[in-house]
Every structure is written in structure tokens, then in C-alpha cells.
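Okay, so here's the structure we're looking at.
Just the heavy atoms: all of them, side chains too, but no hydrogens, waters or symmetry mates, feed the values below.
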Amino acid sequence: MPPSQLFKVHGEFCAAYPWEVIVATLTLAVCMLTVDQQQHPTAPPKPILRNCAGCLHEAEYNAADVIVMTLIRCLAVLYSYYQFCNLQRLGSKYILGIAGLFTVFSSFIFTTTVLNLLRIDMADLKDALFFFSLLIDLSKAATLAQSALSASNQDEVKSNIARGMAILGPTITLDTIVETLVIGVGTLSGVHRLEMLSYFACLSVVVNYVVFMTFYPACLSLILELSRTTNIYGKKQSLIARAWKEEDHKSNPVVQRVKLIMSAGLMLVHARSRWPFKADEVDNIGPLVVEQHMAQNRTENTALHEYMMKWVTVSADHIAILILLLALVVKFIFFENKEDLALQLRAHITESEDNKKPDLPQKMPFLKPQQTFFLEDRDIAEDSKAPEFEDKGVQTEKFKRESSTDLSETENETDQFCRNLDECRRIYNDTDLGGTFLTDDEVISLVQSKDIPAYQIEKAVEDPVRGVGIRRKIVGHEAKILEALTNLPYKNYDYSKVMGACCENVIGYMPVPVGIAGPLKLDGRNVYVPMATTEGCLVVSTNRGCRALSECGIISCIVADGMTRGPVVRFPSVKQASEAMVWMKSNENFALIKQHFDASSRFARLSKLLIKIAGRYLFIRFEAKTGDAMGMNMVSKGTELSLKYIQKVHFPDMEILSLSGNFCTDKKPAAVNWIEGRGKSVVCEAIIPANVVTKILKTNASALVDVNNSKNMIGSAVAGSIGGFNAHAANIVTAIFIATGQDPAQNIGSSNCMTLMETWGENDEDLYISCTMPSIEIGTIGGGTILPAQSSCLEMLGVKGPHQEYPGENANRLARIVCATVLAGELSLMAALTAGHLVKSHLRHNRSTTTIPTNIVPPCKDNI
């Protein structure tokens with residue numbers, strides 16, 4: 001039988017027979033209090049505890065001793081205050097009273113009876129009383145009381161107490177052993193005063209444990225049984241909601257293991273201290289010789305001890321006490337996770353079989369109906385997280401049913417049970433309650449009354465998924481799109497990385513299919529490229545290009561690197577504007593600007609300025625390297641600091657109109673990006689053998705060159721294109737951007753590309769192809785790269801996060817991959833256009849067969 005089951009059986013017994021357990025405990029206590037104090041003349045003196053009243057009083061007026069005892073008293077008072085504040089925040093006077101009653105009995109009355117039985121002078125407790133209060137732990141008592149109070153009838157009280165004992169019993173047992181052994185080290189110190197305090201403390205810990213395991217659960221059961229006619233079960237809703245709200249938290253096995261190891265080690269220390277001699281030595285000498293030898297050693301040790309204690313008694317005493325106090329503090333902070341323990345118990349209280357869930361309102365009559373439904377909904381949500389559905393929590397029939405329940409059925413059940421607005425405000429503004437204890441409709445009412453900003457619902461309810469669900473209800477009702485939202489998934493997503501970083505007013509997330517192209521042989525290494533797209537044929541076409549390049553491979557080069565920000569400033573006159581322009585172009589002054597710019601970041605390094613004048617306006621394009629980040633925020637910060645320096649020190653008449661003057665240029669077609677570059681400027685090239693062109697691409701080099709010149713060069717020029725001298729670079733750029741967490745809007749500048757083709761080789765049968773992309777705006781840290789799915793795609797490419805040795809290398813590598821993949825996509829599409837396969841491939845891969853009439857014969861039937 002596992003230990004938890006034993007403690008559960010014990011808890012059931014104490015709760016089922018409270019009168020017997022209480023009477024037996026009190027009778028034993030009275031017997032110990034009234035035991036005869038006189039010792040039999042022939043009885044040996046008590047060997048364990050010495051009466052050290054003199055020891056306790058000998059340093060009464062020592063200044064250092066007074067300081068130490070004062071610290072102990074202060075710590076005890078503060079700790080007691082802290083414990084009772086925690087109980088008060090639970091919101092139940094019953095828990096406070098019951099836990100306080102238990103504390104008084106276990107820490108004082110029952111400990112006193114044990115000390116009386118051991119015939120210890122009660123005056124010795126003068127200094128130990130404050131020491132006892134440091135060992136008091138009300139959290140476990142309050143947790144068990146809370147579990148008992150959450151029941152609606154006496155049978156459930158017994159069940160909850162037994163379940164609580166099953167959870168708390170093993171932990172408290174192990175804690176008691178550890179505390180006893182740790183404090184027991186003080187009995188080995190040789191400092192009489194510390195020894196006596198440690199004896200008292202050990203007794204208190206043991207007595208506390210015995211009473212908690214017997215007297216206390218019986219008292220809980222009896223009090224609740226006697227109070228059945230009162231409204232004790234109708235206590236504050238916040239307490240019950242807190243008991244039912246939390247999820248299951250398992251005990252920390254590492255902490256348990258540490259405690260077990262500590263217990264074993266301390267047992268060895270105690271054993272070695274109590275029996276210092278070796279057994280084989282006793283076997284070789286007689287008992288009398290052993291006794292004489294031990295007496296001589298004791299005499300020598302006593303003399304030496306007295307001589308040494310003249311010099312170190314005070315310091316040793318105080319150091320030992322302070323070490324013990326520090327040990328208790330460390331235990332409280334690091335090894336006593338009270339919240340997890342309470343959550344574990346509360347979670348076990350809420351466990352019930354599926355066939356019992358409909359009976360929840362009868363079992364918890366003090367809950368309002370909307371709270372009852374909310375609990376049932378949470379249970380259903382927990383049950384739905386089966387392992388087989390973890391990776392397909394969206395776009396399934398199961399998900400659609402859940403969504404429908406969340407957005408329609410829930411509201412039909414709960415609309416009529418909302419508390420009034422003032423009560424909702426009071427709960428929301430209560431620091432111990434908050435939005436967590438409001439129903440969805442009550443939160444919606446606070447949003448509509450402007451008490452909760454619509455963009456902060458997740459923060460208000462302290463649950464991102466629930467917050468998104470509430471916003472979906474608001475939007476669904478107001479925009480009358482409730483049914484449409486059922487197909488937009490929102491569960492099974494980590495919104496903690498989204499809030500405050502990637503998106504606001506979240507109502508769900510958009511699943512986009514991700515395909516894989518490759519292997520793409522780039523700079524001697526094979527990579528598989530993830531592409532997020534909804535356009536058919538794109539991935540398979542790019543993959544064909546990768547296959548055609550697998551033999552020759554692609555060579556790439558980074559020819560420039562610099563993110564830009566182009567503010568606009570204004571001067572009182574053209575003359576002043578031109579003077580400022582000349583001043584900024586000076587090498588010495590550029591160095592001053594660079595100094596202030598570079599100081600804004602560990603990675604941003606200003607490389608150059610491009611300045612244009614328009615009347616009394618100056619457009620200053622700051623360009624800087626930004627490591628592995630795309631760098632817009634980084635450059636903006638450095639630009640702002642630089643402009644303020646120029647304005648404050650050199651040109652006070654300069655007016656900073658806007659940090660962005662569209663001379664950057666970001667997310668807009670612009671010749672400046674095509675000419676000057678922005679972000680990473682990359683060039684890739686490859687030479688494809690004639691046999692590959694014929695076999696895989698189904699065409700020849702001359703035909704490809706002809707079509708490329710006609711389409712990508714002449715056609716783009718006729719159209720007046722800026723940076724659009726390519727077939728479909730934006731397709732590949734956008735697909736990789738979405739997959740890797742880049743800003744998709746920056747595909748406008750990042751898709752600038754010139755695709756060039758030439759015949760190559762002795763017979764001009766091979767094909768030379770190159771792609772020049774001057775403005776790939778990309779990064780591997782920041783923005784959407786922190787999201788789990790996008791981060792995994794970056795990891796697939798081997799460029800996740802910042803490069804540890806060479807900052808910026810990961811972003812450069814990703815830019816090379818983008819340009820190389822664009823080259824593969826350009827090669828494949830141009831080959832399809834040259835061979836006349838484009839329409840046929842789209843009919844095959846990107847059109848539903850049900851929409852194509854069967855009586856129409858495709859063109860070029862002989863080539864299929």
C-alpha cells in the first residue's frame with residue numbers, strides 16, 4: 001500500500017470518529033499534566049534533558065546575548081504576523097479561527113504537557129516561547145481546513161479530510177523528520193543554552209506533527225458536524241472559487257530527494273555523535289578498563305572544554321543560534337513551496353468522475369449557477385487535452401464543437417446570472433480577488449463600462465486563453481459574426497509570447513500550411529527551406545528548382561549590410577539647412593554623431609549617412625549594422641539620440657518633425673532601397689549543366705535566356721518597375737518570411753530582385769543564372785521569431801537566435817538562404833514558362849478537379 005493511501009485511511013478514521021480521537025488526545029494530555037512530579041529515590045537521574053535554568057540566566061545581562069534574543073523575538077513576531085496575514089487573505093474567519101486554535105493547542109498546551117511529563121522546569125520556557133513561534137506553520141493547517149470547508153455535507157467533509165491527509169501526510173512527515181534532525185544538531189553544539197532551546201524545539205516539532213495527524217482532523221470534522229445547522233458551508237465565494245480554480249501541480253521530486261538525502265546524512269551525524277567509540281575496541285578490553293578510560297577522557301575533555309569556553313562561549317552560542325535561524329529562513333524560502341502544496345490539494349478536491357459532474361450544483365449549493373457551469377466548462381476543457389489531439393487542436397471536428405460551446409452555449413447558460421456592475425467592480429478592484437473571480441459575462445460588462453480596456457482583458461483575468469475567448473464573445477455579438485468565429489481557432493496556443501510583443505486585441509490565430517523545399521545546396525551545405533503559403537504549385541515548383549541545382553550548387557555573397565531610418569527635420573531657412581547638411585557630411589562631425597548613435601545599443605553601429613535637401617527640409621538617412629536583429633527599433637533609438645545631440649549642441653533651431661520621413665524607406669516601393677540597399681544586400685549565382693536543363697527543366701539554355709530578357713528585363717522596363725526585374729521573387733520571400741517570423745509587409749522592399757541569365761560553356765549549352773537582391777530586411781531575433789512555430793523553422797535552418805561568436809552571422813545566413821531559394825524558384829518558373837507548362841501545372845496542382853469541365857481538352861496535349 002502506498003504511503004498516501006495509508007495517510008488517507010488514517011484521515012478517514014480521524015474524521016469518522018472525531019469524539020473518540022479528541023477525548024483520547026485530551027485524556028492523554030491531562031494525564032501528562034497531572035503526573036506525579038516526585039522522582040522515586042531509587043530511580044536513576046534523568047539522563048536526556050538537563051535542567052539548565054542557571055545556564056539560561058547566566059548571560060541574562062550580557063549585551064550580546066540580549067541583542068541575539070531580541071532578534072529572535074523580532075523575527076518571531078514578524079513571522080507570526082506574516083502567517084496570520086496569509087490566513088486573512090483567504091477570506092474566511094473560520095479558517096483563521098480553526099488554524100489559530102490548532103496553533104495554540106499544538107505549539108503550547110500539548111508541548112507543555114510533554115515537558116511536564118519529562119519533569120522540565122517550566123521556567124526554562126521563558127526564552128523558548130518566541131523560538132517556538134518561528135516553527136509554527138499555519139499554511140498546512142489552513143489548507144486542510146479549506147478543503148474541509150469546501151464540502152456541502154458531512155460525508156463530503158470526511159472524504160475531503162481524508163484526501164487532504166493523503167496529500168499532506170507524506171510531505172509533513174518528511175518535513176518533520178528533516179526539521180527534527182536539523183534542529184537536533186543544536187543539541188550537539190556543547191553550548192548549554194542552545195542545547196536546551198534545541199531540545200524544546202525538537203519536542204515542539206514532534207508534538208505538532210502528532211497533533212496535526214490526530215487531534216486537528218478530528219476537530220475539523222467535529223466542528224463542521226456541529227455547525228451543520230448554521231451557514232458555515234455558505235462562506236465567501238472567493239474562498240471556494242480559489243479552491244476550485246487552480247490546476248493540478250505535482251510535488252517537486254528534486255526537493256523531496258534533497259530532503260531524503262539530508263535526512264540520511266543528519267542521521268549519520270547524530271549516530272556518530274552519540275556513539276563515538278568503535279565496537280572492536282570494546283571487544284578487546286574489559287568493561288572496567290573501558291569505564292575508567294571513558295571517565296579519564298571525560299575529565300580531560302571537561303577541563304579542556306571549560307578552558308576553551310571561557311573564551312568562546314558567548315560567540316559560539318550566538319553563532320549557532322544565527323546559523324539555525326538562517327537554516328529556517330532558507331527552508332522557508334527555498335524548500336517549502338506552500339503554494340504548490342495548497343494547489344495540489346485543491347486540485348485533488350476538484351477531481352470527480354465524469355458521471356458525477358452533473359451533480360456539481362447539488363454538491364456545491366453555495367456556488368451560483370454561472371460559477372457551476374464555469375467549473376464544468378473548465379473540467380471539459382481539461383478532459384479535452386488528450387495526448388492524441390495535442391498536435392491537431394485546430395481545424396478538426398472536435399475543435400469546432402468546442403468552439404461552438406465556448407461562444408454560444410456558454411452564454412445561454414450564464415447571461416441571466418450576472419452580478420450587478422458595482423459588485424463586479426468591487427471584486428475586480430480587490431487585490432485578493434480580481435478579474436479571475438468574475439464570470440465571462442461579468443468581465444464583458446466591465447469592458448463595456450470601460451472599467452477594463454478591451455486590449456487588456458487577458459491581463460485582467462490572468463488567463464490569456466480565457467481572455468481571447470471573452471474578446472471573441474464581445475466581437476462576435478457586436479459584429480454579428482459569432483458563427484464565423486467558430487472556424488477561427490484560438491485554443492492550444494501560447495499567447496504569453498504574443499502579448500505586448502506581436503499582436504493586440506487577439507481573437508485567435510491563423511493556421512497556414514508550411515511546405516518544405518529542398519535539399520537546397522548552398523555554399524556547399526544542404527538546407528531544407530520551410531515555406532508558409534496557400535498558393536498551390538509554389539513549393540513544388542521551388543523544390544524542382546532545388547533539384548536542378550543539386551549537382552552544381554549555389555554560391556552566395558553578402559555585399560552590404562545596413563538597416564536604415566530616415567527622419568525629416570526642418571530649419572528656419574534654406575541657408576541654415578544647407579549649413580547643417582555640410583556639417584553632417586564632415587568626417588569629424590560624423591564621428592561625433594556615430595559616437596552618440598553607437599552608445600544607444602550593444603550591437604547598433606552607424607556606418608553612413610545619406611542626406612537630401614528639399615528647401616528648408618533635410619532628409620537624413622541613418623544606416624547601421626544591427627547584428628542578428630532586423631533592427632528597425634534599434635536604429636530608431638540611435639537616430640533619436642543622435643538628432644537630439646545635434647539639436648541641443650550644434651543646431652538649436654533645428655526642428656525634428658518626424659523620426660520617419662519616408663526616406664528610410666520601409667514597407668513602400670522606393671528607388672532608394674533598390675539603389676542604396678537596405679538590410680542585407682545579397683548576390684547568388686549558379687551554373688547549371690546542359691543535361692540538367694534538358695532533363696529536369698525540360699528546355700534549353702538559349703530559350704531560357706531569351707524568355708528572361710524579354711520578360712524580366714524588357715517587360716519590367718516597359719512597366720516602369722522599381723526592383724521588379726524578376727519572375728516571382730515576392731512569392732518565395734513572403735513564404736519564408738511567414739514561416740520564420742519576419743514582418744510580411746517588408747516583402748515589398750525585400751522582394752527587390754534582378755534575375756539575370758546567360759548561356760555558358762564552350763558550346764553555350766550550359767546556363768548561368770544569378771539573382772541580385774539589394775534590400776532583404778530580415779533578422780533571427782525579435783518580432784515574430786520568438787513564437788514557437790516560427791522559432792522551430794529558424795532552428796530547422798540552423799539560424800535560430802543570435803550567433804554567439806559572430807553577431808549578425810545568423811541573419812546574414814538567413815538572407816543568403818532567401819536569395820538562394822528565390823534563385824531556385826526563378827529558375828523553375830522561367831523553365832515552366834519557356835516550356836509552356838505553367839497552365840498545365842496549375843490545372844494539375846492548384847485547381848479543384850470538380851471545377852474543370854471534363855469535355856475540355858487541355859492545350860498542348862501531345863506534350864503531357
Side-chain angles (χ1 to χ4, degrees), residues 241-242 244-249 339-340 343 347 370-371 373-385 389-396 398-400 402-408 410-411 414 424 427-429 431 433-448 450-478 481-482 485-512 741 782-792:
R242 192 174 301 178
W244 286 80
K245 161 183 171 290
E246 305 292 349
E247 297 180 355
D248 192 7
H249 284 65
E339 286 190 15
D340 284 351
L343 295 177
Q370 79 273 21
Q371 295 166 342
F373 183 82
F374 177 69
L375 295 180
E376 290 181 294
D377 185 61
R378 289 242 177 144
D379 289 339
I380 293 171
E382 284 296 318
D383 293 341
S384 67
K385 294 179 182 178
F389 293 108
E390 281 186 355
D391 293 331
K392 49 181 181 179
V394 298
Q395 294 186 337
T396 63
K398 179 178 183 294
F399 170 77
K400 292 179 181 179
E402 287 179 351
S403 299
S404 176
T405 301
D406 290 336
L407 296 178
S408 57
T410 303
E411 297 169 22
T414 63
C424 292
I427 295 174
Y428 175 67
N429 294 321
T431 55
L433 300 177
T436 305
F437 297 99
L438 297 171
T439 64
D440 289 358
D441 290 312
E442 290 167 348
V443 173
I444 291 173
S445 68
L446 290 180
V447 173
Q448 294 171 341
K450 309 300 182 183
D451 290 281
I452 299 177
Y455 64 91
Q456 287 190 346
I457 299 176
E458 294 88 350
K459 182 179 179 182
V461 299
E462 301 177 12
D463 184 344
V465 176
R466 184 188 172 201
V468 172
I470 293 173
R471 185 177 294 108
R472 288 162 65 96
K473 292 180 182 179
I474 297 174
V475 174
H477 280 305
E478 293 180 354
I481 54 172
L482 196 64
L485 286 175
T486 59
N487 290 321
L488 177 66
Y490 78 100
K491 292 187 176 181
N492 304 315
Y493 195 83
D494 184 5
Y495 291 103
S496 63
K497 292 182 170 60
V498 176
M499 305 304 173
C502 297
C503 189
E504 301 77 37
N505 286 339
V506 178
I507 60 170
Y509 58 93
M510 182 61 63
V512 179
T785 64
I786 65 174
L787 300 177
Q790 289 82 341
S791 178
S792 66

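When Thr486, Leu488, Val475 are each tested for a side-chain contact (heavy atoms from CB on, under 4.5 Å) with Ile481, only one passes: Val475.
Here the straight-line distance linking atom CZ of Arg472 with atom CG of Asp440 works out to 12.5 Å at 0.5 Å rounding. Annotation: the span from Ile474 atom CD1 to Gln448 atom CD amounts to 6.5 Å, rounded to 0.5 Å. The structure places OH of Tyr490 at 11.0 Å from CZ of Arg466, a figure rounded to the nearest 0.5 Å. The distance from atom CG of Asn505 to atom CD1 of Ile457, rounded to the nearest 0.5 Å, is 7.5 Å.
Leu485 and Ile507 get closest at one heavy-atom pair: CD2-CD1, 4.0 Å. Across every non-hydrogen atom of Val461 and Thr436, the tightest pair is O-OG1, 3.6 Å. For the residue pair Val465 and Tyr493, the shortest heavy atom distance occurs at CG2-O, 4.2 Å. Of all heavy-atom pairs spanning Tyr495 and Pro464, the tightest one is CB-CB, 3.6 Å. The shortest non-hydrogen separation linking Pro788 to Lys497 is CD-CD, 3.9 Å. Between Val468 and Met499, the shortest heavy-atom distance links the atoms CG2-CE, 4.3 Å.
Using a 4.5 Å heavy-atom threshold, the side chains of Leu787 and Cys502 count as touching.
With respect to the salt-bridge test (charged N to carboxylate O, under 4.0 angstrom), the residues Glu458 and Arg471 qualify.
No side-chain donor-acceptor contact under 3.5 Å links Thr439 and Asp441.
For Asn429, the side chain to side chain contact (heavy atoms under 4.5 Å, CB included) partners are Arg425, not counting sequence neighbours. Looking at residues two or more places apart in sequence or on another chain, you find a side chain to side chain contact (heavy atoms under 4.5 Å, CB included) between Pro453 and Tyr455, Gln456. Here Ala789 pairs with nothing under the side chain to side chain contact (heavy atoms under 4.5 Å, CB included) rule; sequence neighbours left out.
The main-chain N or O of Lys491 is found under 3.5 Å from a side-chain atom of Tyr509 such that the two form a donor-acceptor pair. Remark: the backbone N or O of Glu442 is paired with a side-chain donor or acceptor of Ser445 at under 3.5 angstrom.
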